[in-house]
There are 2 protein chains.
Amino acid sequence: MSIAYRQVAAEVRAAVEAGDYPPGARLPSESELARSYGVARGTVRQALATLASEGLVSTRRGARRLVLARQRLQGFNELRSFSEWARAMGERPGGRVVALVRREASPTEAEQLDTDRIYHLTRVRLLSGRPVMIERTAYPEHIGALVASMNAESESITQRLQELGVVFANAAHTLGAVVATAEDARLLDIRPRAPLLREWRRTTDPDGAALEWSEDRYVGEAVAFTVHNSVHQNTLIRGLT
Amino acid sequence: MSIAYRQVAAEVRAAVEAGDYPPGARLPSESELARSYGVARGTVRQALATLASEGLVSTRRGARRLVLARQRLQGFNELRSFSEWARAMGERPGGRVVALVRREASPTEAEQLDTDRIYHLTRVRLLSGRPVMIERTAYPEHIGALVASMNAESESITQRLQELGVVFANAAHTLGAVVATAEDARLLDIRPRAPLLREWRRTTDPDGAALEWSEDRYVGEAVAFTVHNSVHQNTLIRGLT
DNA sequence: TAGTGGTCTAGACCACAGT
DNA sequence: CTGTGGTCTAGACCACTAA
């Protein structure tokens with residue numbers, strides 16, 4: 001690994017997960033880690049900031065870092081797609097396309113994507129064959145045209161778009177609770193009026209241009225989102241219930 | 001402000017919010033900011049990392065930082081309590097105690113708090129008089145005894161505990177969706193079986209000892225949680241729907 | 001009081017963007 | 001190419017913890 005601080009973070013993380021530093025234990029000091037990895041103290045600090053943002057350790061001035069817990073869920077950092085996330089959890093991701101249409105944007109879609117014409121995809125997402133989420137995504141036309149040419153049942157759209165040179169840089173997610181509509185219930189094979197976890201997601205490229213605007217609805221019993229925070233850091237994790 | 005990087009972050013944040021750098025604009029380079037604030041480049045980088053974690057700007061190697069948005073919800077960083085958050089949103093926080101009992105811990109409570117005897121508080125939280133959340137919190141006995149001695153209707157428990165020397169350091173939150181029980185509906189004055197946003201929250205002190213374990217249920221239409229993330233950062237925000 | 005983490009500096013080299 | 005952000009170093013001082 002060419003980046004030293006990532007290497008240090010990975011080794012300390014591995015040591016924690018291996019039980020060398022169980023929950024409640026204290027990590028070695030920054031100076032000791034710097035000496036033993038042969039890097040400067042600043043590099044160690046960068047590594048440990050990563051671990052703190054993962055909720056793995058906590059920090060207090062004057063005292064050595066405390067191990068909070070072993071990593072149990074896969075991180076949602078780094079803008080993971082559903083497929084990547086599912087595979088990281090040891091599940092088999094799947095998708096069933098319900099509809100893909102090219103049409104005029106609704107007012108919300110127009111505002112979020114800054115365009116009047118969109119492609120709209122409705123897809124049921126499966127975890128090892130079990131339906132857990134409905135994805136209703138609007139794409140601007142230049143992205144939607146690429147999506148329309150894919151096999152959305154078997155491919156990861158995100159991954160395929162990246163291979164085609166589309167770069168996902170930032171996302172904003174808004175989580176709330178909604179009640180399943182009749183269509184939701186039919187697609188997810190659950191009771192009508194069951195509670196669903198709603199995620200609005202707006203993803204942009206490095207220039208800030210919108211790449212997708214999506215409303216995803218997760219089965220309440222199947223998926224949950226976890227957030228760690230401390231005084232200066234916090235992190236979102238998506239996990240199974 | 002004695003801490004230089006916070007001062008720089010605050011000034012740049014204010015400039016963005018004032019419209020000096022509208023969404024889509026580029027910030028000055030790190031060197032320019034360092035020169036104009038009379039600090040080293042490292043200090044500017046620390047400030048800008050804060051702004052990136054708030055979802056205010058994005059970063060790309062080789063190019064100046066891009067302003068993502070101006071609209072600001074109040075941050076959920078720094079472990080804001082319901083009362084602090086409400087006030088920051090311009091709303092009047094309130095609480096109505098439904099029950100406060102001292103009893104044996106359930107298996108989950110015992111596991112989360114690492115003790116057999118607890119205090120359990122049920123409270124309806126109000127935003128300017130409107131019920132938006134039910135809080136069902138378990139405290140270990142030494143904390144619960146303090147809570148029992150408070151006026152939980154008018155005081156912020158978190159704030160009062162801090163005044164008494166209890167230090168909140170870390171929290172883990174898990175978000176999901178549930179259906180309102182008959183009691184939930186009665187307390188929140190909503191329809192039975194309405195969807196609620198469920199937040200499990202476990203808060204610990206600087207030594208990693210559990211201070212509270214809570215299940216909070218938010219009215220789906222009233223409150224939402226927002227997360228920003230980019231390749232290396234992400235941030236949770238709690239906001240009104 | 002000794003050790004630890006938090007902040008800050010000054011300088012260096014590199015990968016990448018925009019031209 | 002030049003300028004920018006990403007990484008890294010070596011050293012310094014301070015605030016705080018813990019013994």
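A, B, ... follow the sequence lines: proteins, then strands. Residue 1 opens every chain.
Rounded to an integer number of Å, the gap from B/Leu66 CG to C/dG18 P is 11 Å. As a whole-Å value, the separation of A/Leu48 CG from C/dG5 P is 8 Å. Between the P atom of D/dC8 and the CD atom of A/Gln7 lies a distance of 11 Å, rounded to the nearest Å.
Between B/Asp216 and B/Arg125 there is no salt bridge, since none of the side-chain N atoms of the basic residue sits less than 4.0 Å from a carboxylate O of the acidic one.
Not counting sequence neighbours, A/Glu111 has no partner by the side-chain hydrogen bond (donor to acceptor under 3.5 Å, both in side chains) test. Partners of B/Ala148 according to the side chain to side chain contact (heavy atoms under 4.5 Å, CB included) rule, which considers only residues two or more places apart in sequence or in another chain, are B/Leu100, B/Tyr119. B/Ser106 is linked by a side-chain hydrogen bond (donor to acceptor under 3.5 Å, both in side chains) to B/Glu109, counting only residues two or more places apart in sequence or in another chain. Under the side chain to side chain contact (heavy atoms under 4.5 Å, CB included) criterion, B/Arg35 pairs with B/Glu32, not counting sequence neighbours. For the side-chain hydrogen bond (donor to acceptor under 3.5 Å, both in side chains) test, residues two or more places apart in sequence or in another chain that qualify with A/Arg123 are A/Glu135. For B/Glu30, the side-chain hydrogen bond (donor to acceptor under 3.5 Å, both in side chains) test picks out B/Arg41, B/Arg45, B/Arg65, with sequence neighbours left out.
A sub-4.0 Å separation between OP1 or OP2 of C/dG6 and a side-chain N or O of A/Arg65 is present. A close approach under 4.0 Å does not occur between any side-chain nitrogen or oxygen of A/Thr43 and OP1 or OP2 of D/dT7. OP1 and OP2 of D/dT7 both lie 4.0 Å or more from every side-chain N or O belonging to A/Arg45.
Between C/dT7, D/dC8, D/dG6, one nucleotide has an atom nearer to the side chain of B/Gln46 than all others, and that is C/dT7. The side chain of A/Arg64 has C/dT4 as its nearest neighbour among C/dT4, D/dC8, C/dC8.
The stretch residues 161-170 of chain A participates, sequence neighbours left out, in these salt bridge (charged side-chain N to carboxylate O under 4.0 Å, His left out) pairs: A/Arg160-A/Glu163.
A heavy-atom distance below 4.0 Å to DNA chain C is reached by none of the residues of residues 25-35 of chain B.
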Show, in sequence, the C-alpha distance, side-chain angles and deciding distance for B/Thr158 and B/Ser81, and conclude whether the side chain to side chain donor-acceptor pair (under 3.5 Å) test is met. CA-CA 7 Å; B/Thr158 305; B/Ser81 73; 4.5 Å; no
What string of B, S and - do you get for nucleotides 10-16 of chain D 5' to 3' if you count protein non-hydrogen atoms under 4.0 Å? --B--BB
